[in-house]
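By convention in this document, chain letters (A, B, ...) are assigned in the order of the sequence lines, proteins followed by strands, and residues within each chain are numbered from 1.
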Protein chains: 2
Amino acid sequence: MNITIKDIAREAGVSYSTVSKALNDSPLVKPDTKIKIVKLAKEMGYEPNFAAQRLVSKQSKTIGLIWPSIERVALSTLITNINEKITENSYSMILSINSIKASLEMFRRFQVDGVIVFEENNTLTKSELHHLTSIPTVSYGVPGNDVFPVIDVNWQQALYDAVYYLYNLGHRKITYIGDFSPTDPRQMEKYDGFKLAFKELNLPMNDHSVINTGGLDWYDGYVATTRLLQSSTRPSAIIGSSYDISSGIIRALREAKILIPKEVSVLGYDNIPQMGTLETPLTSVGVPVEKIASTIVQSLMKLIVDKESIPSVQTLTPELTERISCAQTIGK
Amino acid sequence: MNITIKDIAREAGVSYSTVSKALNDSPLVKPDTKIKIVKLAKEMGYEPNFAAQRLVSKQSKTIGLIWPSIERVALSTLITNINEKITENSYSMILSINSIKASLEMFRRFQVDGVIVFEENNTLTKSELHHLTSIPTVSYGVPGNDVFPVIDVNWQQALYDAVYYLYNLGHRKITYIGDFSPTDPRQMEKYDGFKLAFKELNLPMNDHSVINTGGLDWYDGYVATTRLLQSSTRPSAIIGSSYDISSGIIRALREAKILIPKEVSVLGYDNIPQMGTLETPLTSVGVPVEKIASTIVQSLMKLIVDKESIPSVQTLTPELTERISCAQTIGK
DNA sequence: TTGAAAGCGGTACCAG
DNA sequence: CTGGTACCGCTTTCAA
């Protein structure tokens with residue numbers, strides 16, 4: 001049997017409502033008494049009963065994150081970041097790897113104060129919506145769902161900016177290496193941004209402008225680059241569509257003894273700190289994870305306070321972080 | 001305001017204790033009434049208040065999993081499996097990616113019925129132990145901690161068995177490619193198993209018997225293999241120390257146009273279903289994840305019922321699963 | 001400042 | 001079988 005405020009009250013010779021107030025740092029209790037009680041509580045090893053607290057206060061100070069597909073690592077950096085932000089807000093985060101529906105049910109039971117959903121192409125059914133009505137939820141991912149607010153990233157602009165940046169450094173032969181499976185709208189958006197910039201800048205699109213890796217792994221970038229290098233024309237700059245692909249690109253370039261950025265500039269999409277710790281610290285575009293994380297968490301916090309407080313879609317603007325992988329070029 | 005059993009009681013014209021019984025399928029209530037109440041509850045959209053239930057019943061029917069390092073993917077398959085097993089036992093699983101200590105505190109608040117800890121080289125402090133005394137916990141990982149029961153894997157035997165298996169197929173030139181950072185006791189154990197078998201079988205250890213990749217990634221296996229192939233002597237069989245490294249090995253072999261298993265046999269450590277879906281379905285040794293998962297969950301379930309019911313260390317025996325990557329060889 | 005008491009939403013025991 | 005009722009541990013009026 002755990003020790004309760006009643007035990008403390010008895011020991012301290014006060015009523016248990018006073019103990020409750022003291023422990024909650026209420027101004028309604030004399031400082032002396034407060035100090036005495038708090039001290040005593042600690043001595044006695046008091047631990048508040050959360051269930052009881054929740055029963056009356058209807059708040060759990062925890063938010064639930066639904067992540068149905070842990071096997072996709074890409075998001076773990078973001079999740080780690082979100083966890084930190086949540087902790088800073090003195091909330092706790094619990095994670096569920098079940099289906100959205102099952103997770104939602106569980107979170108409801110736990111009375112979490114808010115939910116973050118990582119969609120992963122999941123379309124929600126009516127019955128899932130039912131639950132959502134009551135509990136503040138935001139989602140990260142593809143917009144177009146009108147159920148709850150979405151935090152989105154302007155992928156198109158990221159690639160658009162990347163091209164302009166390289167162009168301004170004098171690059172004209174730019175190759176974009178990425179995965180363009182039409183199933184992933186984010187990849188398509190990036191591609192669109194690339195094309196748009198090319199068009200505006202009057203750069204010619206040819207066989208070497210874009211390489212479809214057909215995969216998102218390190219190795220896919222590696223192979224694509226190796227093949228690219230065997231062809232007659234070598235680009236002066238390469239853009240990698242993800243962290244993994246970009247590291248494959250670097251690897252291939254290094255093996256071919258091509259200097260970065262002296263001979264070829266490389267720019268990567270994604271804005272995670274790891275970009276800076278690659279063999280060659282990579283100049284990159286993308287919304288910094290840290291920013292995505294704080295936007296998600298802040299939006300949710302607002303939503304918890306006021307249901308109508310945030311817009312249904314927030315699109316974050318990518319930033320370009322210069323490191324050492326891109327340089328001016330003289331050649332056209 | 002949510003609807004409660006009292007609302008239902010009023011509506012049904014019975015006392016609310018009867019409603020409680022009916023909803024819990026108690027035999028103490030007449031079937032007719034029970035049916036009526038249950039139906040009514042559903043109509044009214046009744047959802048039990050978990051906090052209230054827990055306050056009195058002291059059970060949450062959920063178990064918490066502490067996974068401080070989501071960035072290491074290796075474990076996600078196992079975690080997915082564990083989650084399934086837990087669900088089968090009609091419990092729920094919540095995950096925390098905080099430090100063991102912070103996670104434990106949170107789980108205590110939620111009154112989870114049990115905890116699973118993935119250690120990751122973490123040594124626990126006294127203050128953490130304090131919490132552990134009360135709540136049933138098992139851990140997966142390195143033994144040698146006397147705080148709570150550990151589910152362990154006999155890594156040594158896995159490699160030992162692997163060598164014998166290949167030996168019996170006629171292989172004499174066997175290379176083990178893996179990461180032998182002395183910081184990871186599991187890797188060292190595997191290495192020991194390999195050496196032991198070599199010794200028993202009187203196989204000569206030389207420069208090509210073991211290759212230290214210095215990393216656990218795909219690419220590390222790839223590079224190591226490529227280098228190995230450039231040397232004069234080619235092994236007749238290669239053992240990869242993990243799923244990722246093994247796939248790197250396969251990749252390198254394929255690129256070098258070496259046929260598996262005709263020219264070189266490959267055997268991988270790890271026993272996850274993905275082994276079978278590699279470019280070349282890999283024969284592998286290891287404890288099947290599914291088995292690790294069920295052992296962990298079952299042990300915890302027992303522990304919840306009876307604190308003293310399970311041994312402090314359970315070492316699981318690896319199994320060898322034959323697929324198509326190993327073949328008989330004639331050469332010595 | 002402090003204490004008494006009324007719930008929060010259930011469960012479980014006891015009496016009828 | 002059904003209803004009454006005493007808690008579970010804590011927060012929060014409301015009086016004193």
Touch class at under 4.0 angstrom, heavy-atom based, for A:S57 against every strand present: nothing

Distance below 4.0 Å between A:Y46 side-chain N/O and D:dC10 OP1 or OP2: yes

Euclidean distance, atom CD1 of residue A:I3 to atom P of D:dC8 [Å, nearest integer]: 15 Å

Check: C:dG3 base within 3.5 Å donor-acceptor of A:K21 side chain: yes

A:R109/B:E47 ion pair, N-O < 4.0 Å: no

Nucleotide C:dG9, atom P - distance to CZ of A:R109 in whole Å: 18 Å

Distance below 4.0 Å between A:N24 side-chain N/O and D:dT11 OP1 or OP2: yes

Spacing between B:R108 atom CZ and D:dG9 atom P, to the nearest angstrom: 13 Å

Whole-Å gap separating P (C:dC8) and CG (A:L55): 9 Å

Whole angstrom value for the distance that separates P of D:dG4 from CG of B:L28: 17 Å

Distance-only donor-acceptor test, A:S15 side-chain atoms vs C:dA4 base atoms, 3.5 Å: no

Atom pair distance, as rounded to whole Å: NZ in B:K6 and C1' in C:dA6: 11 Å

Side chain to side chain contact (heavy atoms under 4.5 Å, CB included) partner of B:I296, chosen from B:N81, B:L65, B:I116, B:I86: B:I116

Atom-pair distance (CD1 on B:I5; C1' on D:dG4), nearest Å: 13 Å

Selection from D:dC10, D:dT12, D:dG3 that lies nearest to any side-chain heavy atom of B:T18: D:dG3

B:P31 vs A:A52, nearer the 5' end of DNA chain D by closest nucleotide: B:P31

Closest to side chain of A:Y16, choosing from C:dT1, D:dT11, D:dC8: D:dT11

Any B:Y140 side-chain heavy atom under 4.5 Å of B:L75 side chain: yes

No-hydrogen, no-angle side-chain donor-acceptor test under 3.5 Å, B:S299 and B:Q314: yes

B:K302 atom NZ: more than 12 heavy-atom contacts under 6.0 Å: no

Rounded interatomic separation in angstrom, taking CD1 from A:I37 and P from D:dT11: 13 Å

side-chain N/O B:T33 vs D:dT2 OP1/OP2, d < 4.0 Å: yes

Nearest to side-chain heavy atoms of A:Q53, which nucleotide of D:dG9, D:dG3, D:dT11: D:dT11

Upstream residue (5' side of DNA chain C) when A:V29 and B:P48 are each assigned their closest nucleotide: A:V29

Exam field: side chain B:T315 to backbone B:N154, donor-acceptor pair closer than 3.5 Å: no

A:K58 vs C:dG9: side-chain N/O to OP1/OP2 distance below 4.0 Å: yes

Phosphate contact (D:dG3 OP1 or OP2) by B:S17 side-chain N/O below 4.0 Å: no

Nucleotide nearest B:T4 when distance is taken to its side chain, options C:dG10, C:dT2, D:dG9: C:dG10

Selection from D:dC10, C:dG10, C:dT2 that lies nearest to any side-chain heavy atom of A:K30: C:dT2

